[in-house]
Peer 1: 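Sending over a structure as structure tokens; questions will come in a sec.
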2 protein chains.
Amino acid sequence: MPLDPVARFRRFARAATAELGALDQSFLGRGRPLGAARVLNAIGRGQEDLAEIRVHLGLDSGLASRLLRSLEQEGLVETVRHREDGRRRVLRLTAKGAEEFAAYESLSDARAAKLLAGRPDAAELLDAMDRIALALGRQHVAIAEADPRGDAALHCLGEYYAELGRRFAQGFDVNLSRDPQAADMVPPKGSFLIAWSDGLPAGCVGVKGAGDGTAEIKRLWVDPLTRGAGLARRLMAAAEARARALGIGVLRLDTNSALPEAVALYRRDGWTEIPRFNDDPYPDLFFEKAL
Amino acid sequence: MPLDPVARFRRFARAATAELGALDQSFLGRGRPLGAARVLNAIGRGQEDLAEIRVHLGLDSGLASRLLRSLEQEGLVETVRHREDGRRRVLRLTAKGAEEFAAYESLSDARAAKLLAGRPDAAELLDAMDRIALALGRQHVAIAEADPRGDAALHCLGEYYAELGRRFAQGFDVNLSRDPQAADMVPPKGSFLIAWSDGLPAGCVGVKGAGDGTAEIKRLWVDPLTRGAGLARRLMAAAEARARALGIGVLRLDTNSALPEAVALYRRDGWTEIPRFNDDPYPDLFFEKAL
DNA sequence: GATGGTATCTGACTTAAGTCAGGAAAAACT
DNA sequence: AGTTTTTCCTGACTTAAGTCAGATACCATC
């Protein structure tokens, strides 16, 4: 007697909208109509193209224009002519606008914290929420270069090491592996790319440059909850493109046969197996690709 | 480097509202303003008190009155005088209203089915959704008498047997246990109660009447995802109240020391241990309570 | 049967949201 | 250069949503 999937989904939808409606409420309470607050927040989250915002919020062009005008009159937003296309307008928060945006953010954060507080099962709840957010938001993952010593990078690497520890029969100790120096994964020598799912890291890859026109791909990791959507492949493609832009002509990498998905990906994407090129104890497979 | 819980929660909230907004859209598309559609759906879901709906939807009394009026003029809703309180109005869908409600339901169902379709990970997704819906909606669980042979009852009992199988060292085979005849759990002899979480069963308990003023409590089960919120206790209290109403003076039950939470609950709620009163192979503890 | 409280309704508002036709400026195309 | 397309703006609307001050009918209580 399994329950009806549609009924389960709809129960979820009702519960979520009932609770999450409360989060939308934080868009009120600052003396500004919902529409204007939504536009302000879209700009604050980095959308700077009016057309983009119109599509995203589903607004009529006249309405969007008026809402923007009211924000301008409040002194919260300023518009600059687009450098290449004079018809377009680039939107930016003023200092006052940024303050106002921060106020909305902290209202939302407070509501979220309150909903989480005092739940003994918060950890499992958050895991379930991650699963859903990542599944529903797969399309919106964006890859961007990041500091390999930043918090997001450390999160990704921590998860990566933990997974290797689970997957390798002998476990995995970072200290036994040649830890790639972060300095080699910063331009102009190399690069470190993170896949961002709505502001949270969901995957990473490092390009560790040798400084001689070659580099190694390191630390390819994808959050287990987002796997199966081709993110690893997108990360590899982004890493190759970035390497090319940095003037790197040959990429190498080492990996382990205990990671068959990764090995299959490399073979499929034009990597060729080569002999061992280091004495790291963990890898047993080595690949190369000319760019 | 764990991710910030608030950020995770808010990512979830954004992903969910973006996707679930689509479900709200099904409230449009039938040529009726959102407000009226929401009232119609609230009535269709069983809310028949105008004040209740006003609170639930957060409406001003004037607004609620007008929305209701427009539904009446469309011939979708009729109002009856409350039997006990003449100020109140009991709301009911007309045949035409029920049709219209069903149309909204199937629109929503179709959207939900579409969002689920083609997801290879639908099963895990639904588990995560259940967890969230049950955690967020704990307050809204309602206990009601149900047919012990109905689909919901079969679902609960299936889960119950499966859990016993996991918890008992020797496993559990329904056929070895004295299966309570469903007929003994139907009024006036006994009762079968289900805890409903927004239309889906989240727990159950049976009162198996002997017909001589005594009865046995059977099949107390709570969905693992809702545990820890006192639902078992509420179910037991409801079962006792129902038994009392059926003229039952003494309740008995058998249980197993492999189910310590249940045993603790019985002891806490005024049950006293008694000697074995049947030869069922599974139980090793026996309790009684005078009503 | 007077008093106070409750549930709903009515009418007169204000504000927000959404629609639509048209127009100006800039870009893209021919 | 002329035409078309794109991007945004403006003004004149309609509709929905929300507010508020009473009015009406009913209930409970003394």
Side-chain angles (χ1 to χ4, degrees), chain A residues 17 21-22 24-43 47-74 76-92 100 104, chain B residues 17 21-22 24-43 47-74 76-92 100 104:
Chain A
T17 47
D24 266 6
Q25 300 288 317
S26 37
F27 272 10
L28 306 172
R30 305 219 92 230
R32 193 171 291 113
L34 180 62
R38 294 211 305 157
V39 171
L40 178 67
N41 276 276
I43 299 172
Q47 299 199 271
E48 48 177 29
D49 198 352
L50 184 55
E52 204 181 320
I53 290 177
R54 254 193 356 237
V55 171
H56 182 231
L57 300 182
L59 299 173
D60 172 88
S61 82
L63 186 48
S65 177
R66 254 184 298 277
L67 291 174
L68 187 58
R69 190 88 26 250
S70 83
L71 291 173
E72 278 181 321
Q73 272 167 16
E74 273 196 272
L76 302 176
V77 174
E78 56 190 6
T79 64
V80 195
R81 202 172 191 280
H82 192 283
R83 249 173 309 162
E84 285 157 16
D85 187 337
R87 293 165 302 183
R88 294 174 153 200
R89 304 179 61 180
V90 176
L91 312 178
R92 225 174 265 132
E100 197 59 21
Y104 278 113
Chain B
T17 48
D24 265 6
Q25 300 288 319
S26 36
F27 271 11
L28 306 172
R30 305 219 92 231
R32 194 170 290 112
L34 180 63
R38 293 211 304 159
V39 171
L40 178 66
N41 276 276
I43 299 172
Q47 299 200 271
E48 48 178 29
D49 198 352
L50 184 55
E52 203 181 320
I53 290 177
R54 253 190 1 234
V55 172
H56 181 231
L57 300 183
L59 298 173
D60 172 87
S61 80
L63 185 48
S65 177
R66 253 184 298 275
L67 291 174
L68 187 58
R69 190 84 30 250
S70 83
L71 290 173
E72 278 181 321
Q73 273 168 15
E74 273 195 90
L76 302 176
V77 174
E78 56 190 6
T79 64
V80 194
R81 208 170 187 281
H82 192 283
R83 249 171 310 164
E84 285 156 16
D85 187 339
R87 293 165 301 183
R88 293 177 155 197
R89 305 180 60 181
V90 175
L91 311 178
R92 225 174 267 130
E100 197 59 21
Y104 278 112

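Just so you know, these numbers use all the heavy atoms, side chains as well, and skip hydrogens, waters and symmetry mates. A, B, ... follow the sequence lines: proteins, then strands. Residue 1 opens every chain.
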Peer 1: Distance from B:T79 atom OG1 to B:R69 atom CZ, nearest 0.5 Å?
Peer 2: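 So the gap between those two atoms works out to 7.0 Å.
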Peer 1: Is the count of non-hydrogen atoms from other residues, nucleotides or ligands lying under 6.0 Å from A:R92 atom CZ greater than 12?
Peer 2: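 Counting neighbours around CZ of A:R92, 12 or fewer heavy atoms of other residues, nucleotides or ligands fall under 6.0 Å, so no.
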Peer 1: Starting at CG of B:L63 and ending at C1' of D:dT15, how long is that distance when rounded to a whole Å?
Peer 2: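 Distance, rounded to whole Å: 14 Å.
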Peer 1: Just checking A:D60: base, sugar-phosphate only, or nothing, at a heavy-atom cut-off of under 4.0 Å?
Peer 2: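 Since a base atom lies under 4.0 Å of A:D60, the category is base.
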Peer 1: Nearest 0.5 Å, please: how far is CD in A:Q47 from CG in A:N41?
Peer 2: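 So the gap between those two atoms works out to 11.0 Å.
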Peer 1: Return the value, rounded to whole Å, for the distance between atom CZ of B:R88 and atom P of C:dT6.
Peer 2: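 Whole-Å distance recorded here is 12 Å.
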Peer 1: Measure the distance from CD1 on B:I53 to C1' on C:dA7 and round it to the nearest whole Å.
Peer 2: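 Spelled out: CD1 on B:I53 to C1' on C:dA7 is 14 Å.
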Peer 1: Measure the distance from CD on B:E52 to P on C:dT8 and round it to the nearest whole Å.
Peer 2: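 Atom-to-atom, B:E52 to C:dT8, this comes out as 10 Å.
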Peer 1: A:L34 has an atom CG; how far is it from atom C1' of C:dA17, in whole Å?
Peer 2: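 Interatomic distance, CG of A:L34 to C1' of C:dA17: 10 Å.
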Peer 1: Quickly, which of B:R32, B:R30, B:E74 forms a side-chain contact (heavy atoms from CB on, under 4.5 Å) with B:L40? Name it, please.
Peer 2: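 For B:L40, the side-chain contact (heavy atoms from CB on, under 4.5 Å) check succeeds only for B:R32.
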Peer 1: Using the side-chain heavy atoms of B:P33, tell me which of these nucleotides is nearest: D:dA17, C:dG18, C:dA17.
Peer 2: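 For B:P33, the side-chain atoms sit closest to D:dA17.
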Peer 1: Under 4.0 Å, heavy atoms only, any strand: does B:R32 hit a base, just the sugar-phosphate, or nothing?
Peer 2: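 If one applies the 4.0 Å heavy-atom cut-off, B:R32 turns out to touch nothing in the nucleic acid.
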Peer 1: Can you tell me how far CZ of B:R38 sits from CD1 of B:I53, rounded to the nearest 0.5 angstrom?
Peer 2: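 If I round to the nearest 0.5 Å, the distance is 11.0 Å.
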Peer 1: Which part of the nucleic acid, if any, lies within contact of A:R38, taking any heavy atom under 4.0 Å across all strands shown: a base, the sugar-phosphate backbone alone, or nothing?
Peer 2: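 If one applies the 4.0 Å heavy-atom cut-off, A:R38 turns out to touch nothing in the nucleic acid.
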Peer 1: Within the 4.0 Å heavy-atom criterion, would you say A:R81 contacts the bases, only the backbone, or no part of the nucleic acid?
Peer 2: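 Here A:R81 touches the backbone only, sparing every base.
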Peer 1: Whole Å only: how far is the CZ atom of A:R30 from the C1' atom of C:dA16?
Peer 2: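 Rounded to whole Å, this separation is 20 Å.
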Peer 1: Strictly below 4.0 Å: does B:R66 bring a side-chain N or O up to OP1 or OP2 of D:dA16?
Peer 2: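 Result: no.
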Peer 1: Identify which nucleotide among C:dG18, D:dT10, C:dT8 has an atom closest to any side-chain atom of A:L59, counting heavy atoms from C-beta outward.
Peer 2: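 That would be C:dG18.
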Peer 1: Would you mind reading off the distance between B:L71 atom CG and D:dA16 atom P, rounded to a whole angstrom?
Peer 2: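 So the two atoms are 13 Å apart, to the nearest Å.
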Peer 1: Any side-chain N or O of A:R69 under 4.0 Å from OP1/OP2 of D:dT10?
Peer 2: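 So the side-chain polar atoms of A:R69 do come within 4.0 Å of the phosphate oxygens OP1 or OP2 of D:dT10, strictly under.
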Peer 1: Whole Å only: how far is the CG atom of A:L57 from the P atom of C:dA17?
Peer 2: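 Atom-to-atom, A:L57 to C:dA17, this comes out as 12 Å.
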